[in-house]
2 protein chains.
Amino acid sequence: METTGTRTDTCAGPPQPDRRPDGQDSYTISEVAAFTGLTAHTLRWYERIGLMPHIDRSHTGQRRYSNRDLDWLDLVGKLRLTGMPVADMVRYAELVREGDHTYGARYELLEETRRDVLARIAELQDTLAVLDRKIAFYGDAGHALASERPR
Amino acid sequence: METTGTRTDTCAGPPQPDRRPDGQDSYTISEVAAFTGLTAHTLRWYERIGLMPHIDRSHTGQRRYSNRDLDWLDLVGKLRLTGMPVADMVRYAELVREGDHTYGARYELLEETRRDVLARIAELQDTLAVLDRKIAFYGDAGHALASERPR
DNA sequence: TATGACCTTGGAGTGCACTCCAAGCAAGCG
DNA sequence: CGCTTGCTTGGAGTGCACTCCAAGGTCATA
């Protein structure tokens, strides 16, 4: 239903070192779901919203994911847990699809994301400090005199 | 409209060192919104769902937040950006309201949260490594040979 | 005292990221 | 052949965390 688009080969950015299970380069949607922890629903949804490249199909129209698709999903998974909105990831995917002239924009986006991640790590370390202080209080002195806000 | 509930005094857990702006211990909802970055809508919503203690009211029924309420909101803010669901924070608030016999449960909850935070920091550092590799690629070699997945 | 900014309420609406559904096709097996 | 399992689609539904609205009361200031 869709002729396979332009295939700029070699693997994504830094050549992902770990090739996925078994030999072939062709996985069903449920295999991919098992590998990634996403549901098949979510994988199809990612495709609909433009977060995925055009996925190969079998002669009967079923999706056949490649190792490179899995690499992409790896990246998406990583970006997802930085809190990056799906819309931004779609934007990045679009830049990749648009070709080499978007290198600058992609670099920018990655740099910005990097800054976000650093900031989030700092926030979490801050929170960790607060938790540690609270936990220390509950551990000893707290039992006698600590009090919190509710009621 | 609400007689002020039991007031276990002294400040929350570890005595928060920084007293908030100006002298008094009484802030309007919009002042609190300004301090915390939350909207007044959100502050009222937090109250409705049981995430806040019973807030003092002026003689005409307007909310008057205390420094201790601000301390609580500080904690809530920190927990919020660990990704803790609001429902869990409500649970914690309930434990505090229920009194001293919930110390164990509170301690548990904080410990678990601490573990989550550590895990999330680790994930983010992992993601950071991926981003750094990708950025390095875009910085130099990438310009010639990198390729991603979409299309 | 009147104007405008601020506060109150219950309930409805929004945006995000899924998550599921119904109807239907295709492949493998006893 | 019939059955089960797995895949397909568009579209509708869900849960979370807000976010806003309408209608009305309050407060400071010119």
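Computed from heavy atoms alone, side chains included, the values below leave out hydrogens, waters and symmetry copies. Note on naming: letters A, B, ... go to the chains in the order of the sequence lines (proteins, then strands), and numbering restarts at 1 for each one.
Residues B:Y27 and B:R64 bring no donor and acceptor atom of their side chains to less than 3.5 Å of each other. A donor atom on one side chain and an acceptor atom on the other are not found under 3.5 Å apart for A:D116 and A:T113. A:Y138 and B:R106 form a side-chain donor-acceptor contact under 3.5 Å, judged by distance and modelled atom types alone.
Taking the screw axis at each terminus of the helix from C:dT1-D:dA30 to C:dG30-D:dC1 from five consecutive base pairs, the angle between the two is 0° to within rounding of 10 degrees.
Between A:Q62 atom CD and C:dC25 atom C1' there is a gap of 9 Å when expressed in whole angstrom units. Taking atom CD on B:E47 and atom C1' on C:dT9, their separation rounds to 12 Å, with Å as the unit.
Of the candidates B:I55, B:D25, B:T28, B:Y65 forms a side chain to side chain contact (heavy atoms under 4.5 Å, CB included) with just one, namely B:I55.
Mapping B:H41 and B:W45 onto DNA chain D by nearest heavy atom places B:W45 at the nucleotide closer to the 5' end. Nearest-nucleotide positions on DNA chain D place A:R64 closer to the 5' end than the other of A:R64 and B:R44.
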Give the table of side-chain donor-acceptor pairs shorter than 3.5 Å for residues 39-50 of chain B, with sequence neighbours excluded, one pair per line with atom names and distance.
residue : atom : partner : partner atom : Å
B:T39   : OG1  : B:H41   : N            : 3.4
B:T39   : OG1  : B:T42   : N            : 3.0
B:T39   : OG1  : B:T42   : OG1          : 2.9
B:E47   : OE1  : B:R63   : NH1          : 2.8
B:E47   : OE2  : B:R57   : NH2          : 3.4
B:E47   : OE2  : B:R63   : NH1          : 3.4

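In this model, the phosphate group of C:dT8 is not approached by any side-chain N or O of B:T60 to a distance below 4.0 Å at OP1 or OP2.
Contacts between residues 79-90 of chain B and DNA chain C, defined by a heavy-atom separation under 4.0 Å, are absent.
By the salt bridge (Lys or Arg N to Asp or Glu O under 4.0 Å) test, A:D132 is found to be paired with B:R114, residues two or more places apart in sequence or in another chain being considered.
Of the charged side-chain nitrogens involved, at least one lies within less than 4.0 Å of a carboxylate oxygen, so that A:E94 and A:R91 count as a salt-bridged pair.
Read 5' to 3', the first and last nucleotides of DNA chain D with an atom closer than 4.0 Å to a heavy atom of chain A are D:dC7 to D:dG11.
The line from CG of B:D74 to CG of B:N67 is 10.5 Å long, rounded to the nearest 0.5 Å. The CG atom of B:D56 sits 10.5 Å away from atom CZ of B:R68, with the distance rounded to the nearest 0.5 Å.
Residue A:S58 is classed as having no contact, given no heavy-atom separation below 4.0 Å to the nucleic acid.
Evaluation of the salt bridge (charged side-chain N to carboxylate O under 4.0 Å, His left out) test over residues 77-88 of chain B, restricted to residues two or more places apart or in two chains, returns A:D126-B:K78.
At distances below 3.5 Å, not a single donor-acceptor pair connects side-chain atoms of B:T102 with backbone N or O atoms of B:A105.
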